[in-house]
Asks: 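Once you've had a glance at the structure underneath, I'll fire off some questions.
Atoms within each ligand, like the ligands themselves, are counted from 1 in listed order. Note that the structure is a prediction, hence the values are computed from the model and not measured.
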Amino acid sequence: MTDFEAKKLACPCCRHEFESRLVTGFVIGEKDSDFCPKYLDGNPLPQFLHVCPECGFTGFEADYRTLIDEKIIKRVSTLLAGFHWTKNQILGGAERYRRAALIGIYAGKRSAEVADLYLQATWCSRMEGEDDDEQKGARRKAVKYFELALAAEEFSPDDMPVVHYLLGELNRRLGNDEKALKHFSKMDELEKVDPWLIEWRDKQRALIKQ
Ligand SMILES: [Zn+2]
C-alpha cells in the first residue's frame, strides 16, 4: 500500500500556500537493470515531487523549505515564467521529474542530484507507458549530469560501483556501446563491488555485441 499524509506547503517562488500529500510508505518488488523500481501497488514517484498549482514550481518537500536565496528564487521564477503555466495544470510523473531537474539546474543543485532527477524521469516515462524514444532525452541528460558529477568528484568511493554500473547501463540503452563497455570495465578497478552488481554488470555487458 502506498501511504500518504497531508502536508501544507508554501511555494518559495510565488508564496502561494497549498495542501499536498507526502508519501509515507510504499512497497517495492524487483528492479529493472537501470534500477527502475517495480512498485507492487502503483508508482509513488510522482507524489515525491510537489507542484505549486499557482506557478508550476516543482520540487521535493525539502526544496520548498531550503530555497530561500532571493537571487536563486528570481532565477527559478524567470525559468517558470517561460513554461506558460496554466493554474492547477496537472503534470504527469515524467514531466514532474524533467521539470524538477531543470529547476534544480537553475537552483544550483549538485550534478548528482540533477542526474538522479533525470534518471527518475526515464523511470516514470516507462511506467506511464511512453515508448523508449521518449525516454532517451532524459536518459542522455542523466548520463551528462552523472559524468559532470564524476568530474566534480561528488561521489564517495562507496557510490562508485553503482555510478559506473549505471553509466554503463544507461549508455548501453542509448546505443553508446563503447562508453558502456568502458564504464562496465571500470568496475574491475574498484575495491569492494557487491557480487550482485557484478552479476548484473556481466548480464548487461553480454547484451553488447563485441
Ligand atoms: Zn508557486
Asks: Cation over ring, R21 on F4, under 6.0 Å and within 45°?
Replies: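 Flagged: R21 positioned over aromatic ring of F4.
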Asks: Do W123 and Y118 have ring centroids that are under 6.0 Å from one another?
Replies: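 No, they do not, as the ring centres are separated by 6.0 Å or more.
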Asks: Does the shortest distance from the Zn ion (ligand 1) to an N/O/S atom of C13 fall below 2.8 Å?
Replies: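 No.
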Asks: Taking the Zn ion (ligand 1) as the vertex, what is the angle from SG of C14 to SG of C11, given to 10 degrees?
Replies: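 Centred on the Zn ion (ligand 1), the SG/SG angle is 110° (to 10°).
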Asks: Taking backbone and side chain together, does H16 place any N/O/S atom at a distance below 2.8 Å from the Zn ion (ligand 1)?
Replies: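 It does not; every qualifying atom lies at 2.8 Å or beyond.
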Asks: Does a donor on one side chain and an acceptor on the other come within less than 3.5 Å for S33 and R173?
Replies: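 S33 vs R173: donor-acceptor pair found between side chains.
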Asks: Output the distance between atom CD1 (I105) and atom NZ (K141), rounded to the nearest 0.5 Å.
Replies: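 Reported to 0.5 Å precision, the distance equals 7.5 Å.
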